[in-house]
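Written out below as C-alpha cells is the structure these notes cover.
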Amino acid sequence: MFDFSIVTQAIHTALLSIMPEGLAIFLECVVVGVCLLLMYTVIAIVMIFMERKVCAAFQCRLGPVRVGPWGTLQVICDVFKMLTKEIITIRHADRFLYNLAPYIVILASVLAFSCLPINRGMEVLDFNVGVFFTMAASSIGVVGILLAGWSSNNKYSLIGAMRSGAQMISYELSIGLSILTIVVLTDTMQLSEIVERQADGWFIFKGHIPAIIAFIIYLIAGNAEVNRGPFDLPEAESELTAGYHTEYSGMHFGLFYVAEFVNLFIIAGLAATIFLGGWMPLHIPGLDAFNTVMDYIPGFVWFFAKAFFVVWLLMWIKWTFPRLRVDQILTLEWKYLVPIGLANLLLMVIVVVFKLHF
Amino acid sequence: MWKRNTSYNMTIREKITAWEPAAEWSAEGDGMLTVPVETFHDLAVRLKREGFDFLRSLTGMDWGEGRFGAVYHIESTATGENIVLRVFTPAPDKCGLPSVGDVWKGALLNEREAYDYFGIQFLNHPDMRRLYLRDDWVGHPLRKDYDPALNPLRMNNEVSQDSTPHFELMPDGSLIRKREVIFDEGEYVINVGPQHPATHGVLRFRVSLEGEIIRKLDVHCGYIHRGIEKMCESLTYPQTLALTDRLDYLGASQNRHALCMCIEKGLGLEVSRRVQYIRTIMDELQRIDSHLLFFSCLCMDMGALTAFFYGFRDREKVLDILEQTTGGRLIQNYNVIGGVQADIHPDFVRRVKEFIAYMRPTLREYHEIFTGNVIARQRLVGTGVLTREDAISFGATGGTGRASGWACDVRKRHPYAMYGEVDFDEVLFTEGDCYARYMVRMREIEQSLRIIEQLIDNIPEGEYRTKTKPVIRIPEGTYYSAVEGSRGEFGVFIESRGDKSPYRMKFRSTGLPLVSCLETIARGAKIADLIAIGGTLDYVVPDIDR
Amino acid sequence: MTNNSYIKGFLHGVGSLLTGLKVTGREFFTPKVTEQYPENRATLKMFDRYRGELTMPHDADGNNRCIACGLCQTACPNGTIRITVETVTDPETGKPKRRLARYEYDLGSCMFCQLCVNACPHDAIRFSTNFEHAVYTRSKLVKTLNKI
Amino acid sequence: MKYEDFIDNEYLEKMAEQLREGGTNVVLGCLDDLINWGRSNSLWPLTFATSCCGIEFMAVGAARYDFARFGFEVTRASPRQADFIMVAGTITHKMAPVLKRLYDQMADPKYVIAVGGCAISGGPFKKSYHVVNGVDTILPVDVYIPGCPPRPEAMLYGLMQLQRKVRLERFFGGVNKQIGKKEYEELMRRDLTAEKIDLNVETEHKL
C-alpha cells in the first residue's frame with residue numbers, strides 16, 4: 001500500500017533546505033488549503049452531477065445529457081450561472097448575519113471535510129480526538145442554518161430553521177452513539193488509527209451484529225443530519241418553498257447548495273472510514289492472491305469507491321421515501337434510534353469484553 | 001331519470017306548499033318553487049329536518065329590473081329527492097337574503113360568491129367579504145348593468161384585511177354593517193400561496209400557527225377567477241362548450257359532458273347509444289388520468305418525488321389514447337351538442353385494451369412504493385378527518401365525500417349515459433381521513449378500468465353526431481344537469497330566455513365545497529398535514545374560481 | 001403500546017420500506033422512457049388529429065377555397081380570426097364579387113376549439129400538426145393564412 | 001437542431017447586430033461566450049403555474065419529455081433562486097400584482113416566457129372582465145409559446161428558443177431586455193408611483 005506521507009515528507013525536506021521552518025510550514029499550509037478547497041469544489045461538482053443522474057435513473061428518465069459528453073459539463077454551467085447571478089439584499093433583514101450565514105455553513109463543511117483520511121498519509125487534520133473534532137466541526141453548520149432562517153426576515157425561513165435546529169441536534173445523539181459503538185471496538189478516536197486497525201477486516205465485519213446495527217443507525221441519522229430526504233423538512237419544498245434559504249439568491253444560495261451535497265459526502269466518507277475500512281482494500285482471509293491484487297488498487301480509489309457507494313445508497317433512500325413530519329422525525333429519533341443505539345452500545349461492550357468479535 | 005325526480009318533487013312540493021301557501025310553482029324547464037323571503041330561513045331549517053341535508057348548488061341571480069335573488073338546489077341524501085327553490089330579495093333596491101350557512105355549511109362560500117357577483121348581502125352571514133375579486137373592486141360584475149370600464153387593471157398590491165364585514169338586520173328593516181376579527185395582532189400568520197408548490201395552482205391560505213400547529217385558516221380564492229359564467233352569457237351555446245374544458249382541466253371530458261347533457265335536455269335531443277358509449281369511456285379515461293395525476297401530485301407533496309414520475313409516466317399513456325382520438329392531450333374539445341366531434345380512431349379499442357392490461361400491474365407497483373410505505377401511512381392515517389355529516393353539509397362530493405362514508409356518486413344517484421347499465425362498485429370508506437381519501441381514488445381507478453372493460457368491446461354502430469340546427473336556442477326555463485366529475489359532482493345550471501345564448505349559466509364547482517371544508521379539517525393539524533390534506537382533497541383551482 | 005406491537009410495528013415498517021426500495025431499485029436498471037425531442041425530430045410524428053395551428057391549404061396554382069363568407073369569424077368565441085373582404089369586378093360577368101383579401105389568424109389567442117373548421121362550408125381551413133411556434137416577437141404570431 | 005430549423009431568427013439577428021454595434025473586447029468577448037454558455041444551459045424555472053398550461057409544464061418535467069436533459073430540472077419554489085418564470089396559465093387582475101411581485105423578487109438576469117394563449121393575449125378569456133390580456137402588458141416577455149395548452153414538445157422548443165437568446169446576450173454591459181432599457185425603467189416606475197400604495201405594506205407576508 002502506497003504511503004502518501006513519503007511525498008509530503010520529501011516536499012517538506014526540500015522546502016526546509018531552502019527556507020526557514022516557519023516559512024516552510026506556512027507555505028505548506030497555504031498549498032494544502034488551496035488543494036483542499038479545490039478538492040472540495042471538485043467533490044461538490046461530482047456530487048451534484050451524480051445526484052442529478054442517479055435520481056433521473058430512479059425516475060425512469062435520462063437526466064442531463066446535452067451539455068458535454070453524457071451531460072458531464074452540466075454542473076460547470078450551473079457554476080457559471082450561479083457566479084453571475086445577482087445577490088439580492090433584503091430589506092428589513094439583519095444584513096450582517098444574513099451575509100454571514102452561508103459562510104458559516106460552508107466553513108463547518110470544509111472543516112469536517114478536511115478530517116477525512118483519503119489515503120495513507122493523506123490526512124489533513126489528524127489527531128487523537130479526530131472523531132470528536134469531526135462531529136464538533138460538522139455541527140457548527142446548524143448555527144449557520146439557524147442564522148440564515150432568523151436573519152432572512154421570512155416566516156418560512158424561520159420555520160425551516162427551527163425545524164432544522166430540532167432535527168440536527170437530536171440526530172447528533174444517534175450519530176455519536178453509533179460512532180461510540182465503534183470507538184468501543186477500536187479503543188481509539190484518531191481517524192487514521194481507526195483505518196489502520198481495519199487492515200485485517202473492516203469493522204462492519206469484525207464487529208458483526210452491533211456494528212451492522214450501528215452502521216444502519218449511522219446512515220439514518222447521518223441522512224437526517226444533512227437534511228436530506230426523507231428528512232428534508234428544513235427545506236421541504238412543498239411546505240416551506242425552500243426553507244431556511246428561501247431568501248438567498250446567487251452564490252449565497254450556491255454555497256448552501258454546495259454545502260448540502262458535500263455534507264452528504266462527508267457523512268458517507270465518515271461511514272466509509274469508520275465502518276468500511278476507509279482506504280483499506282478489501283481483504284478476504286485465506287485468499288492471498290486476491291488480497292495482493294486488491295492491494296494494487298490505490299487507497300484513495302478504495303476510499304472514494306466506498307464513499308460514493310454509501311452516497312448512492314443514501315440517494316436511493318432519498319428518492320424512494322416520502323418526507324416525514326416533524327413530530328415523526330423526533331419520534332423516530334427518541335423512541336427508536338436512541339434506545340436501539342444505547343442497547344447496541346451495551347451489546348458492543350459485551351462483545352468486546354467477552355472477545356466475541358473477530 | 002329526472003322524470004322520476006319530478007314525481008318525487010310532487011310530494012316535497014306539496015309539503016312546502018302546505019307549510020308555505022305563498023310558494024309558487026313554475027313549470028318551465030326543470031321546474032322550481034318560488035318561496036317568500038321572509039320565511040325562507042325557517043323553511044330551510046324545516047327542510048333540513050325533513051332530510052334535505054345536501055345543498056347541491058346555490059346560484060345568485062339577476063333577473064333584471066333590479067330583481068335579485070338566488071336559486072337553491074337541494075337534495076335529500078336519504079331518499080334522493082330533489083327540490084329547486086327560488087328566492088327574491090325583499091325589494092328591488094334592497095339586497096338582503098337570509099343566510100342559510102347555519103343550515104348547510106356549504107352555503108357559506110357560495111353566499112360570498114353571490115355577494116361578490118351580484119352584491120346580494122346575506123344577513124347573519126359571519127363573513128361577508130368578496131370571495132373572488134379584490135376588496136377594492138368597484139361594482140358587481142355579474143349584474144346585467146355592470147360596466148367593465150369601472151375596473152381597470154390595478155397593479156398595486158392588495159392589502160390583506162384582518163377583519164371581515166357582517167350584516168345584521170335591524171328591527172326597523174335597515175341593515176347594519178359590523179366587523180369581525182379574523183386574525184388577532186398577536187397571531188403568527190403565515191401566508192401560503194398564491195405561488196406555492198403545494199397549493200396546486202394559485203389558491204392562497206392565510207394560516208395562523210402555534211408552533212407547527214394550525215390554529216386558524218382563511219382561504220382566499222379568486223387568483224384565477226376568469227369570469228367564465230359572465231362570458232357565457234354573451235356566447236352562443238356551442239361556444240360556451242369550449243370554456244368548460246378549461247374549468248377543471250383534469251375533468252375536461254366530464255365537464256363538457258355535463259354541459260352537453262344540459263343543453264341536450266333543454267333541446268329535448270336524444271343522442272345515439274354509440275355516443276353514450278364513447279362519452280362514458282372517455283369520461284372514465286379522463287377519470288383515470290385525473291386520479292393518476294392526483295397520485296403523482298400527492299406523492300410529490302409528501303416528498304416522494306420518484307412516485308410522481310411513475311404516475312406521470314403512466315398518465316402519458318392515457319393522454320396518448322385521448323389525443324389520438326380527440327386531437328388534444330389535456331383540453332380535448334371532444335363532446336359537442338348532439339354527439340362527439342369525431343368518431344373514435346380505428347386504433348382506439350386496441351390501445352384502450354392494451355392500456356387496461358398495462359395499468360393493473362402498475363397499480364400494484366404504486367401500492368408497493370407509496371401506499372404500503374410506513375412513512376406515508378403514518379402521515380395519512382388519521383390526519384384530517386372529515387365526518388360524514390360535515391361532508392354532506394359542506395357538499396363535499398366525489399372522493400372526499402365517499403371517503404367519509406357518503407354515497408354521493410352521481411353515476412349511482414342519477415345515472416346518466418351508460419352508467420345505469422354497467423356494473424361497478426361505488427368505493428366507500430368510513431374513516432374520512434387522508435388515507436381513506438387517497439384509497440378511494442386508487443380504488444376508483446380499478447373501477448374505471450372495470451367500466452371501460454365492459455363497454456369497450458360492444459360499442460354499438462350508429463352515428464357519432466346528431467345533426468343540430470345551425471343556431472341553437474333552448475326553450476325558456478331553467479335546467480340543471482350533473483355528472484360525476486373527476487373530483488365530485490359537476491353541475492351545470494342554465495336559465496334560458498329562449499335566446500341563442502344563456503341568460504345565466506352557472507357551473508357547480510366541484511372544488512369550492514372542498515375548499516370550504518378545509519378550515520374544519522385542517523384546524524389543529526400540523527402545517528405538514530395541511531399539505532397532505534390539500535393533496536388528498538384534490539381540488540383544481542381554476543375549477544374553484546371559474 | 002405493548003412491547004409486542006412495538007416490535008411488530010417496527011418490523012412491518014422496515015419491511016414496507018424495503019418493498020419501496022425494491023421498486024425503485026428495479027426501476028434504476030430498466031430502460032428509460034424519455035423521448036429526446038430535438039434529437040428525434042426527424043422521426044417524431046404527431047397524431048393526425050392533433051391541432052397545432054390553423055392553416056389554409058392552397059392548391060398548386062396558389063388558390064384557396066375560401067369564399068370569404070365570414071362564418072368562421074362568427075363562430076370564433078374570442079375573435080382570433082379576422083377576415084378582410086374586398087369587392088372586385090368579375091372580368092367575365094362584369095358583376096361585383098366578394099373576394100378574400102386577408103385572412104388573419106392570431107395563433108397567440110387561438111383556443112383550438114375547432115368551431116371555425118366545423119363552421120366552414122367549403123373545407124377551406126383545417127388544422128395542421130405543426131407545433132414549433134415559439135417566437136420572440138408577439139406580432140409574429142398573427143399570421144396571414146391566404147397567399148396574397 | 002440546426003439554426004435554419006428555428007423560426008423567428010430575424011429577431012436574433014437584429015439583436016446580435018445591435019449588440020455588435022458597440023464592438024467587444026476580445027478577452028471580454030470570450031469570457032462572455034463562456035458565461036453565456038453556462039447561463040444558457042442552466043436555466044432554472046420558477047415553480048409557477050396557474051392553470052392548464054401548468055399541467056403540461058409538469059409533463060415536460062416528467063419522465064417522457066424530461067427537461068432535465070437540458071439542465072432545466074432544478075425547479076425552484078423560491079423566486080430568488082430561479083432564472084426564468086414560465087407564465088403558464090391565465091393571469092387575472094387579482095393575480096397580476098402578485099406576478100409582478102414575483103418577477104421583482106427574482107434575481108437578475110431573469111427571463112419571462114409566456115406560455116399558452118392566456119398568457120400571450122388572454123386567449124379564451126380575452127373578453128372577460130377579470131383577465132389580463134397578455135402578460136406583456138405587465139412584464140417584459142422574452143419568448144412566446146402559443147398553444148392552448150402547448151404540447152410538451154412545443155414547450156421544449158420554446159425553451160430552446162430562450163437558450164438561443166440567452167447565448168446571444170452580452171453579459172458585460174448589461175443584459176438587454178426585449179423592450180428598451182428606458183422603456184423598461186419607465187414601466188417599472190409607473191407602476192410604483194402611479195398608485196400611492198407602499199409596495200411593502202406587508203413585508204412579512206412573503207408570497
Side-chain angles (χ1 to χ4, degrees), chain B residues 132-134 137 141 146 148 151-160 189-191 193-197 200-202 204 206 222-228 230-231 234-235 242-243 245-246 249-250 252 293 296-297 300 308-313 315-316 319 323 328-331 540-542 545, chain D residues 46-56 58-59 61-66 75 77 79 89-102 118 123-133 137-138 148-149 151-152 190-192 194-202 204-207:
Chain B
Y132 297 133
L133 304 171
R134 292 173 63 125
W137 190 268
Y146 172 74
N151 290 290
L153 177 60
R154 293 186 183 84
M155 285 305 287
N156 55 333
N157 287 308
E158 211 182 347
V159 184
S160 301
V189 182
I190 69 162
N191 188 58
Q195 182 262 338
H196 187 279
H200 297 200
V202 282
R204 175 174 171 218
R206 293 183 74 209
Y223 286 94
I224 181 108
H225 170 66
R226 299 179 286 201
I228 289 181
K230 175 81 173 181
M231 283 174 71
S234 57
L235 294 176
L243 296 181
D245 282 307
R246 279 130 183 122
Y249 37 77
L250 299 173
L293 192 110
S296 305
C297 289
M300 183 166 69
F308 162 81
F309 285 90
Y310 296 169
F312 256 78
R313 177 192 63 192
R315 183 175 168 261
E316 289 288 336
L319 292 183
E323 191 185 5
R329 281 162 57 87
L330 202 62
I331 307 286
V540 161
V541 185
D545 290 352
Chain D
L46 177 73
T47 322
F48 175 81
T50 63
S51 50
C52 336
C53 294
I55 304 292
E56 288 297 62
M58 277 154 88
R64 180 167 171 193
Y65 299 102
D66 191 22
T75 49
T90 325
I91 298 303
T92 60
H93 283 210
K94 195 168 175 177
M95 192 64 201
V98 182
L99 177 69
K100 181 75 177 21
R101 194 156 157 186
L102 277 173
C118 297
F125 311 103
K126 233 184 202 171
K127 295 174 187 164
S128 167
Y129 55 88
H130 198 236
V131 170
V132 177
N133 287 352
T137 53
I138 49 173
C148 195
R151 57 177 302 116
R190 190 179 65 215
D191 295 331
L192 291 181
E195 325 244 356
K196 287 243 163 56
I197 297 218
D198 184 9
L199 246 187
N200 279 287
V201 252
E202 278 195 314
E204 64 277 358
H205 297 308
K206 272 278 304 97
L207 289 175

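Chain letters run A, B, ... following the sequence lines, proteins first, then strands; residues in each count from 1.
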If every non-hydrogen atom of [X] is compared with every non-hydrogen atom of [Y], which pair is closest and at what distance?
X: B/M231; Y: D/P124; value: CE-O, 3.1 Å
X: D/Y129; Y: B/W137; value: O-CH2, 3.5 Å
X: D/H93; Y: B/N151; value: CE1-O, 3.8 Å
X: D/A96; Y: B/L153; value: CB-CD1, 3.8 Å
X: B/R246; Y: D/C52; value: CG-SG, 4.0 Å
X: D/P149; Y: B/I331; value: CD-CG1, 3.4 Å

Side chain, backbone, both or neither: which part of [X] has an atom under 4.5 Å from a heavy atom of chain D?
X: B/Y146; value: side chain
X: B/L133; value: both
X: B/L243; value: side chain

With a 4.5 Å heavy-atom cut-off, do D/K127 and B/S234 have their side chains touching? no
Is there side-chain contact between B/R226 and D/S51, with heavy atoms separated by less than 4.5 Å?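 Result yes, sub-4.5 Å side-chain heavy-atom pair found.
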Any sub-3.5 Å donor-acceptor pair from B/Q195's side-chain atoms to D/T50's backbone N or O? no
Just how far is it from atom OG1 of D/T92 to atom CZ of B/R134, taken to the nearest 0.5 Å? 10.0 Å
Quick one: CE on D/M58 to SG on B/C297, what's the gap to the nearest 0.5 Å?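 These two atoms lie 3.5 Å from each other.
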Could you label the plane-to-plane angle of the D/H130 and B/H225 rings as parallel, tilted or perpendicular, counting under 30° as parallel and over 60° as perpendicular? tilted
List the residues meeting ring pair (Phe, Tyr, Trp, His ring centres under 6.0 Å) with B/F312, not counting sequence neighbours, and say none if there are none. B/F308
Per-residue contact mode, D/L99 against chain B (heavy atom under 4.5 angstrom):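 No part of it gets close to chain B.
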